[in-house]
S.K.: 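Below you will find the structure I want to go over with you.
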Amino acid sequence: MNNRIAEITKGLNSEQEKGVTSMNGPVMIVAGAGSGKTRVLTHRIAYLLEHDVSPDKILALTFTNKAAKEMKERISSLVAPHLAERVWAGTFHSIFARILRQTASKIGYTSDFTIYDTDDSMGAVKRVMQNLGISNQQISHQVARNAISSAKNKMVTRKEYAQMATSIQEKQLALIYNEYENYLQLNNSMDFDDLLINLIVLLRQDREVLERYQNRFKYILVDEYQDTNRPQYIAIKLLAEAHQNICVVGDDAQSIYRWRGADIQNILHFKKDYPYSKIIRLEQNYRSTKTILAAADSIIKRNKNQIHKTLWTDNPEGEKIDLLRCNDDFDEAIKIATRVDMFSRNGYSLNDIAVLYRTNAQSMVLENALRKSNIPYIIVGGISFYKRKEIKDVLSYIRLLVNPKDDEAYYRIINEPPRGIGQTTLKHVRHFSSSKQMCLSDAFSRITEIGDLQQRAIVAIRDFEAFLNVYREKIVHEENPANVIAEYIETTGLLEMYKEMNTEESLDRWNNVLQILSDIKSFFKTNPELTIADYIQQISLMSDIDEKDLKSGSLTLMTVHSAKGLEYPIVFISGMERGLFPLQRQDMHEEEEEEERRLFYVGVTRAKERLLLTYADRRARFGDVSEQSPSNFLREINPDLINRPEYRKPATSFTAPKPKLFAKKEDTSFGNFSQIPEQDYYSQIEPVNVSFKVGDIIKHPHFGKGKIMHLNGVGKQLKAVIKFDSIGNKNLMLEYAKLEKI
DNA sequence: ACTGAGAGTTATATT
DNA sequence: AACTCTCAGT
């Protein structure tokens with residue numbers, strides 16, 4: 001026993017050891033990038049287990065399933081695996097969903113409730129707005145959904161929202177919010193935010209349940225605490241209140257989810273919330289070279305709001321950071337591909353390399369270049385397998401077996417493949433169902449009461465309902481759900497439809513449907529005790545990063561956000577340009593700039609050995625090619641840490657770059673910028689066009705006379721809202737608008 | 001009921 | 001460029 005405990009604390013530095021061995025009472029671990037926080041968390045759990053804490057008394061909350069899985073695996077290597085398996089480790093959403101399934105009836109749901117992902121929730125908003133007669137033009141669906149989600153993230157109920165609403169738009173949003181909540185309840189479904197909020201509702205309203213779970217989760221650990229939002233914070237607080245054995249790990253410098261409601265105050269206020277807490281700082285970095293760490297430090301120290309800490313490392317100095325100037329995004333992609341290829345011929349595996357970017361849109365050019373040079377890659381995010389139409393359709397069919405009230409699933413597939421239940425029919429049905437406050441399935445059971453329906457449509461609906469019921473029956477009685485599902489999907493005619501279409505795209509879809517069916521089969525083979533409801537839930541709560549395949553020998557492409565928590569020997573960060581990173585949005589404030597800077601910090605600290613930053617002079621954005629200038633962030637890195645780029649040398653193994661662009665740009669090398677004064681270097685940046693100001697009367701070749709109402713953006717990004725006499729308000733990019741002042 | 005053309009909109013990150 | 005929505009024609 002003692003031996004095992006010694007084993008668990010072996011090799012930890014003194015601060016890490018404190019984090020591992022302080023079993024009781026609140027602990028906050030401020031863990032700098034690469035300081036071994038996962039190690040501390042897993043060893044802490046192992047330490048608890050070795051002190052005879054029962055594994056089902058331990059709750060470990062993470063943000064991704066991948067992190068949870070990794071945690072479990074690492075605990076398994078420290079203690080007996082059968083113990084490790086029983087620890088409740090998972091994402092907030094999946095753990096909370098698990099609790100809610102057991103207690104759903106207490107808050108008006110059944111345990112079969114469906115989890116609506118962003119798409120489903122968007123569909124729900126659209127439908128609700130249509131019922132209310134609010135068009136997309138009055139309030140965009142997107143805006144409405146965001147408003148609802150952000151209200152929920154701030155724990156503003158529909159009632160409170162309605163009370164606070166003053167403008168017409170807010171009042172309409174309040175209506176939408178209210179109807180949306182009704183709709184979800186009616187559909188026996190919850191969106192992502194509800195999983196958090198409903199748990200709080202449950203814990204607050206039912207003392208017995210609260211005490212049960214407080215008692216159950218005697219030890220709580222939270223990873224990435226800096227990214228918790230208000231509902232998460234409250235839920236943790238409720239659960240930890242009785243025993244106060246809470247250990248949170250976080251780094252304020254890596255808080256990058258403010259936009260989705262993460263509240264950095266949660267970490268800054270920990271001491272206030274738990275007065276008797278211990279604070280432990282992990283400041284030794286085991287990941288990166290001195291150079292990379294110094295660069296990261298020179299970036300993050302520009303932020304005003306932060307907990308002071310000094311990261312240091314025993315690692316070697318390492319190579320300087322490469323900065324590559326490129327002509328355009330194609331050139332950038334080629335340069336990256338060339339270097340990736342070079343690294344892979346010089347002792348690195350492609351698994352060691354990641355290319356990061358700010359926005360998913362940047363991946364396509366990279367993909368093309370990589371394909372051309374035969375470099376295998378995997379993309380995290382983007383169009384994931386589970387977001388494909390055909391896959392969502394198959395999953396919707398399955399969802400309807402579990403929860404017949406799931407209207408979003410119903411609408412998706414009721415006429416896919418076409419079975420004569422078209423929009424007109426659905427319009428009548430929906431009119432009926434929404435006025436009677438019922439879900440589709442209930443409406444169908446009273447179909448004769450719905451007026452204006454064609455006999456043909458009624459028959460089609462009845463047939464379809466009967467078909468669903470047959471399989472709802474079958475699935476209950478069958479031993480292996482996978483077999484029933486395969487037969488069920490076959491009978492829907494989906495496969496046949498794709499085959500008959502016989503286009504490249506449809507055959508691809510056909511293939512994907514078969515793929516998902518075989519996935520389902522293997523899911524039940526490995527988890528025979530689980531149900532289709534479990535399968536569906538697992539898929540809906542899966543994030544892109546979880547999907548990241550084990551396919552080895554591939555380069556990884558992903559956004560900087562997705563890279564959080566990962567590390568690679570070699571990291572590229574592409575698109576280091578103004579307006580792109582930091583990403584320019586309307587009325588950007590200092591706080592948002594600081595979040596962008598933290599994001600850059602996260603990107604930089606992913607690298608263990610080599611860091612390469614690239615930027616381009618031109619880039620296709622918005623369908624047009626725009627002139628770009630280097631990011632401000634580049635200037636924030638100590639110039640001594642940066643290598644002179646070799647961008648003069650053409651990438652000969654690929655298509656030759658356009659010579660004239662090359663000649664023109666050659667003497668103003670950013671690579672020499674450590675030798676030229678900052679001022680001179682930055683004078684290269686295109687001057688901002690200031691010839692227009694708000695209130696100017698202008699003329700546009702197409703729209704005629706108008707008045708500038710509002711200006712935003714900088715340089716080439718400068719946009720104006722112009723009120724035209726002819727067509728009203730319009731948002732135009734000044735560079736292309738060819739305005740004439742009158 | 002379905003299709004296709006055309007218009008219009010939109011480009012941050014995610015459970 | 002890519003996507004969604006709308007509307008007119010079949």
Side-chain angles (χ1 to χ4, degrees), chain A residues 61-68 90-97 115-119 121-123 126 130 135-137 140-143 146 149 152-153 190-196 224 227-229 231-232 255-262 329 356-365 380-384 387 389 415-427 454 456-457 460 537 539-546 558-564 575 579-586 588 592 595-596 598-599 602-603 619-626 717 719 727 730-731 733:
Chain A
L61 294 167
T62 63
F63 273 80
T64 63
N65 293 302
K66 186 166 177 267
T91 62
F92 280 91
H93 291 83
S94 65
I95 297 275
F96 288 9
I115 298 167
Y116 276 5
D117 68 12
T118 313
D119 281 358
S121 143
M122 185 62 112
K126 282 180 192 162
Q130 217 156 50
S135 75
N136 191 21
Q137 267 104 15
S140 91
H141 301 139
Q142 189 78 251
V143 165
N146 286 344
S149 178
K152 287 187 175 184
N153 276 323
M190 302 188 194
D191 63 21
F192 287 144
D193 303 321
D194 289 338
L195 292 175
L196 311 177
E224 311 277 16
D227 283 329
T228 50
N229 64 15
Q232 287 165 330
S255 159
I256 54 174
Y257 286 113
R258 234 179 67 102
W259 53 274
R260 81 167 191 220
D329 39 352
L356 312 184
Y357 35 77
R358 181 63 181 80
T359 67
N360 275 315
Q362 289 164 252
S363 71
M364 202 187 288
V365 188
V380 178
I383 332 112
S384 102
K387 285 188 191 123
K389 182 189 179 301
N415 209 27
E416 186 77 25
R419 42 176 78 89
I421 310 171
Q423 280 177 8
T424 321
T425 305
L426 286 176
K427 209 169 83 190
Q454 301 240 333
R456 250 195 337 202
Q537 161 158 341
I539 303 260
S540 7
L541 293 179
M542 189 155 63
S543 69
D544 293 330
I545 198 85
D546 302 331
M558 66 189 144
T559 63
V560 188
H561 278 90
S562 303
K564 189 176 75 163
L580 189 59
F581 200 178
L583 190 73
Q584 181 71 47
R585 315 168 341 174
Q586 294 186 343
M588 180 109 153
E592 275 133 349
E595 173 139 322
E596 292 282 321
R598 290 194 294 271
L599 185 58
V602 167
R619 179 177 300 274
R621 291 187 79 190
F622 264 105
D624 285 312
V625 174
S626 68
Q717 311 290 347
K719 282 192 200 163
I727 52 158
K730 192 112 181 100
N731 200 352
M733 278 184 103

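So that the names make sense, note that chain A is the first sequence line, chain B the second, and so on, each numbered from 1.
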S.K.: Tell me whether the side-chain N/O atoms of A:Ser562 come closer than 4.0 Å to OP1 or OP2 in B:dT14.
M.R.: yes
S.K.: Any idea which of B:dT14, B:dA11, C:dA2 is nearest the A:Met364 side chain?
M.R.: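 Looking only at side-chain atoms, A:Met364 lies closest to C:dA2.
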S.K.: Output a table of nitrogen or oxygen pairs between the protein and nucleotides 5-8 of chain C separated by less than 3.5 Å.
M.R.:
{"unit_1": "C:dC5", "atom_1": "OP1", "unit_2": "A:Lys126", "atom_2": "NZ", "d": "2.9"}

S.K.: Looking at A:Ile421, is its backbone amide N or carbonyl O close enough to the side chain of A:Asn415 to form a donor-acceptor pair, meaning the two atoms are under 3.5 Å apart?
M.R.: yes
S.K.: Sequence neighbours left out, what passes side-chain contact (heavy atoms from CB on, under 4.5 Å) with A:Arg456? Give chain and number order.
M.R.: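 By the side-chain contact (heavy atoms from CB on, under 4.5 Å) rule, A:Arg456 matches A:Gln454.
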S.K.: Hey, does A:Phe63 have a side-chain heavy atom less than 4.5 Å from the side chain of A:Gln232?
M.R.: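 The answer is yes, as the side chains (C-beta and beyond) meet within the 4.5 Å cut-off.
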S.K.: So what does A:Phe63 hit on the nucleic acid, given a heavy-atom distance under 4.0 Å: a base, only sugar-phosphate, or nothing?
M.R.: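 The residue A:Phe63 makes sugar-phosphate contact but no base contact.
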S.K.: Here's a test of your reading of the structure: between A:Ser140 and A:Ile256, which maps to the more 5' nucleotide of DNA chain B?
M.R.: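 Counting from the 5' end, the first nearest nucleotide belongs to A:Ser140.
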S.K.: Starting from P on B:dT14, measure out to CG on A:Asn229 and report it in whole angstrom.
M.R.: 16 Å
S.K.: Which nucleotide wins on minimum distance to the side chain of A:Phe192, given the candidates B:dT14, B:dT15, C:dA2?
M.R.: B:dT15
S.K.: May I ask you to verify if any side-chain N or O of A:Asn360 is less than 4.0 angstrom from the OP1 or OP2 atom of B:dA11?
M.R.: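 So the side chain of A:Asn360 is outside the cut-off, no N or O lying under 4.0 Å from OP1 or OP2 of B:dA11.
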S.K.: Whole-Å distance between B:dT14 P and A:Asp227 CG?
M.R.: 12 Å
S.K.: Can you check the A:Arg598 CZ to B:dA13 C1' distance for me, whole Å?
M.R.: 13 Å
S.K.: Determine whether A:Arg358 and A:Thr559 make a side-chain contact, defined as any pair of heavy atoms from C-beta on separated by less than 4.5 Å.
M.R.: no
S.K.: Quickly work out the A:Leu583 CG to B:dT14 P distance and round it to whole Å.
M.R.: 13 Å
S.K.: How long is the line joining CZ of A:Phe581 and C1' of B:dA11, in whole Å?
M.R.: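 These atoms are roughly 17 Å apart.
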S.K.: For a 4.5 angstrom cut-off between non-hydrogen side-chain atoms, does A:Val560 reach A:Ile256?
M.R.: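 No - every pair of side-chain heavy atoms lies 4.5 Å or more apart.
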S.K.: Does some side-chain heavy atom of A:Glu224 sit less than 4.5 Å from a side-chain heavy atom of A:Thr62?
M.R.: no
S.K.: If you restrict it to nitrogen or oxygen atoms, what contacts under 3.5 Å exist between nucleotides 1-7 of chain B and the protein, and what is each distance?
M.R.:
{"unit_1": "B:dA1", "atom_1": "OP1", "unit_2": "A:Thr425", "atom_2": "OG1", "d": "2.8"}
{"unit_1": "B:dA1", "atom_1": "OP2", "unit_2": "A:Thr424", "atom_2": "N", "d": "3.2"}
{"unit_1": "B:dA1", "atom_1": "OP2", "unit_2": "A:Thr424", "atom_2": "OG1", "d": "2.7"}
{"unit_1": "B:dC2", "atom_1": "OP1", "unit_2": "A:Asn415", "atom_2": "ND2", "d": "3.4"}
{"unit_1": "B:dC2", "atom_1": "OP2", "unit_2": "A:Asn415", "atom_2": "ND2", "d": "2.7"}

S.K.: Between atom CG of A:Asp194 and atom OG of A:Ser121, what is the distance when rounded to the nearest 0.5 Å?
M.R.: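 If I round to the nearest 0.5 Å, the distance is 9.0 Å.
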S.K.: With the side chain of A:Gln142 defined as its heavy atoms from C-beta on, choose the nearest nucleotide among B:dA11, B:dA13, B:dT15.
M.R.: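 For the A:Gln142 side chain, the nearest candidate turns out to be B:dA11.
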S.K.: Select from A:Arg358 and A:Ser540 the residue whose nearest nucleotide in DNA chain B is closer to the 5' end of that strand.
M.R.: A:Arg358
S.K.: Any side-chain heavy-atom pair from A:Leu61 and A:Thr228 closer than 4.5 angstrom?
M.R.: no
S.K.: Just the rounded figure in Å: distance from P of B:dT15 to CG of A:Asp119.
M.R.: 13 Å
S.K.: Between atom CG of A:Asn136 and atom CD of A:Gln142, what is the distance when rounded to the nearest 0.5 Å?
M.R.: 10.0 Å
S.K.: Is it true that the NZ or CZ of A:Lys564 lies under 6.0 Å from the centre of A:Tyr257's six-membered ring and within 45 degrees of the ring axis?
M.R.: no
S.K.: Tell me: NZ of A:Lys66 to P of B:dT15, nearest whole Å?
M.R.: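 Atom NZ in A:Lys66 sits about 12 Å away from atom P in B:dT15.
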S.K.: Expressed in angstrom and rounded to an integer, what is the separation of A:Leu580 atom CG from B:dA13 atom P?
M.R.: 11 Å
